[in-house]
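To start, the structure itself, in structure tokens.
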Amino acid sequence: MIRIDEIYDNTIWPWIKQYHPGVRLFYCNPFGQTDPDSLVNYGYSHIREHNYTLLWDQEPIHLNMHLPTFEEVILKNKKIHIACEQRNRANQMALDAGYLKSLKTDFRVGAIITSERDSDTVDAVCKKFEWKHYYYFFHGWAALDWYRGYDKTFLIQPWQQRKITKTFLAPNRIVAGERQHRLEMLYWIFRLGMTDNHISCPNVCPAENIAIMDAIQPLKNKYPDIETVFDQQSLPMNFAGETDHPMRSCWLDLFDQSAESLLYLVTETVATGRRHHLTEKTFKPIAMGMPFVIVGTQGSLRYLRSYGFRTFGDLWDESYDDEPDDTKRIEKIAQVLNLLDGLEEHRQDLFESAWEIVEHNWNHFYNGGFEAVLWQELKDMLNELEFDSR
């Protein structure tokens with residue numbers, strides 16, 4: 001098991017140091033930060049560095065937001081490289097001969113490593129900065145680390161003993177900024193009258209500090225009645241014993257609500273555009289022994305299945321996963337939820353029909369199958385790394 005807080009120090013950097021000496025490693029610290037000041041790096045002071053790689057595996061890329069950080073990587077590397085050259089004095093003649101004038105070509109990034117696959121955004125970044133792209137599933141490792149050991153507790157009620165009284169569990173915290181798809185999903189939940197479920201929704205987005213009624217304004221052209229729909233709700237909506245919508249990413253909770261719910265509605269970090277980027281959120285229902293519906297990008301379920309998990313297309317319509325239009329995909333998910341919400345007398349039967357898949361996913365997550373897939377993927381990625389050596 002890889003501890004996610006040690007994956008750079010104890011796994012990726014030792015590999016690069018051993019097999020690619022002269023390559024500097026950049027990443028952001030602390031976890032989840034993406035601003036230029038969060039950049040840290042490992043490298044060398046005794047040998048000439050010929051390239052570097054950027055680990056951007058914690059968060060999805062938003063070029064309009066992250067461009068300053070990418071440019072800071074390039075600037076920092078130039079400064080470090082020049083300082084190293086000056087200390088060693090080995091290439092002073094090159095420096096005197098105008099070496100500094102050729103920084104653009106001499107400091108070309110060898111690689112960017114992301115947890116985002118088949119992505120137009122990554123393609124655009126690599127084209128802009130002439131970066132090579134490599135991928136591994138960082139958030140799969142994060143989920144294995146953060147949710148380890150819960151199968152050896154008595155917090156998660158065995159699925160064979162659960163009494164299902166709700167259709168879905170839908171936690172929502174960050175709902176503004178790049179997470180407006182969560183407001184769209186809530187709009188449909190509210191509009192279709194599906195509020196007799198376990199739902200949370202803040203009155204003010206805790207990350208963006210934007211009131212919900214302000215955050216929904218960009219969606220008015222798409223949903224003209226969205227203000228009326230949200231105004232009819234009593235916000236904030238909190239789970240029992242909850243205040244201020246705390247950050248829950250790195251642990252499991254809501255055990256009572258989970259034990260009563262047919263499925264977990266996962267509203268992923270990314271749900272627009274061409275890209276695959278699932279996070280630890282997708283693995284919460286798996287680690288809790290629950291079915292799920294994923295509000296994510298097109299092909300999210302197919303992407304998850306490629307790692308050995310199973311989904312629930314035999315029990316309800318999962319064709320939403322193939323819908324290329326982001327707005328229509330959310331509408332199709334809403335239709336699935338609304339249909340299930342009307343099957344009150346059959347919730348228990350549906351849940352029992354899902355047990356085989358739930359157990360498969362639970363065993364794959366907790367008993368080593370998923371970890372074996374991730375470990376092979378990580379090793380293959382590291383073996384594929386290539387850098388220019390000049």
Side-chain angles (χ1 to χ4, degrees), residues 6-116 119-136 138 381-390:
E6 296 177 352
I7 194 168
Y8 304 144
D9 296 347
N10 295 347
T11 302
I12 295 177
W13 172 241
W15 176 276
I16 291 177
K17 188 176 181 180
Q18 179 175 356
Y19 294 103
H20 299 287
V23 173
R24 183 168 290 269
L25 178 68
F26 285 87
Y27 64 94
C28 291
N29 187 57
F31 188 90
Q33 295 297 308
T34 59
D35 58 283
D37 291 339
S38 70
L39 285 168
V40 296
N41 63 88
Y42 291 122
Y44 311 81
S45 60
H46 62 290
I47 61 175
R48 184 183 189 279
E49 294 180 343
H50 55 81
N51 236 315
Y52 63 101
T53 187
L54 169 62
L55 273 164
W56 196 270
D57 49 5
Q58 300 174 18
E59 297 293 326
I61 294 175
H62 299 292
L63 190 54
N64 60 328
M65 181 190 309
H66 298 139
L67 184 61
T69 305
F70 297 150
E71 291 176 339
E72 183 67 14
V73 170
I74 295 171
L75 180 60
K76 280 182 177 290
N77 188 68
K78 290 178 181 178
K79 291 179 178 178
I80 293 168
H81 193 133
I82 292 168
C84 181
E85 295 284 1
Q86 290 174 337
R87 280 195 303 271
N88 292 335
R89 312 301 293 178
N91 293 301
Q92 187 61 50
M93 290 181 63
L95 286 165
D96 292 341
Y99 175 67
L100 296 182
K101 297 178 182 178
S102 60
L103 289 178
K104 182 176 180 181
T105 56
D106 281 342
F107 290 94
R108 184 165 57 85
V109 178
I112 179 172
I113 300 173
T114 76
S115 193
E116 186 170 336
S119 168
D120 287 338
T121 306
V122 171
D123 291 346
V125 169
C126 290
K127 181 178 180 180
K128 180 177 180 63
F129 294 103
E130 299 182 2
W131 293 353
K132 297 178 181 178
H133 176 237
Y134 298 91
Y135 159 90
Y136 78 107
F138 173 91
M381 183 275 289
L382 291 171
N383 281 318
E384 291 170 2
L385 284 175
E386 293 181 353
F387 296 94
D388 294 337
S389 55
R390 284 175 282 179

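All heavy atoms count here, side chains included; hydrogens, waters and symmetry mates do not.
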Would a 4.5 Å heavy-atom cut-off, applied to side chains only, mark [X] and [Y] as touching?
X      : Y      : value
Leu382 : Tyr136 : no
Cys28  : Leu39  : yes
Ile74  : Tyr52  : yes
Ile61  : Phe70  : yes
Glu386 : Tyr134 : yes
Ile7   : Tyr27  : no

Legend entry - By side-chain hydrogen bond (donor to acceptor under 3.5 Å, both in side chains) - contacts of Tyr8 (at least two apart):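 Once residues adjacent in sequence are excluded, the partners of Tyr8 under the side-chain hydrogen bond (donor to acceptor under 3.5 Å, both in side chains) criterion are Asp57, Gln58.
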Residues passing the side-chain hydrogen bond (donor to acceptor under 3.5 Å, both in side chains) test with Asn383, sequence neighbours excluded, are none
- Taking Asn29 for its side chain and Val40 for its backbone only, find out whether a donor-acceptor pair lies under 3.5 Å. no
Euclidean distance, [Y] [atom2] relative to [X] [atom1], rounded to 0.5 Å:
X      : Y      : atom1 : atom2 : result
Glu59  : Glu116 : CD    : CD    : 10.5 Å
Ile12  : Leu55  : CD1   : CG    : 5.0 Å
Lys132 : Glu384 : NZ    : CD    : 12.0 Å

* To do: Quick one: do Trp131 and Leu54 satisfy side-chain contact (heavy atoms from CB on, under 4.5 Å)? Show the steps, please.
  => CA-CA 9 Å; Trp131 293 353; Leu54 169 62; 3.8 Å; yes
For Thr53 and Val23, the nearest pair of non-hydrogen atoms, with its separation, is N-CG1, 4.1 Å
For Asn10, enumerate each residue passing the side chain to side chain contact (heavy atoms under 4.5 Å, CB included) test, keeping only those at least two apart in sequence or located in another chain.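 For Asn10, the residues satisfying side chain to side chain contact (heavy atoms under 4.5 Å, CB included) (neighbours in sequence not counted) are Glu6.
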Show the atom names and distances, to 0.1 Å, of all donor-acceptor pairs under 3.5 Å that link a side chain in residues 121-128 to residues at least two apart or in another chain.
{"residue": "Thr121", "atom": "OG1", "partner": "Arg275", "partner atom": "NH2", "Å": "2.6"}

Inset, instruction - Scan for side-chain hydrogen bond (donor to acceptor under 3.5 Å, both in side chains) pairs involving residues 11-25, sequence neighbours excluded, and state none if there are none. - result: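 Of all non-adjacent pairs touching residues 11-25, those that pass side-chain hydrogen bond (donor to acceptor under 3.5 Å, both in side chains) are Arg24-Asn41, Arg24-Glu49.
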Residue pairs meeting salt bridge (Lys or Arg N to Asp or Glu O under 4.0 Å), one or both in residues 34-43, sequence neighbours left out, come to none
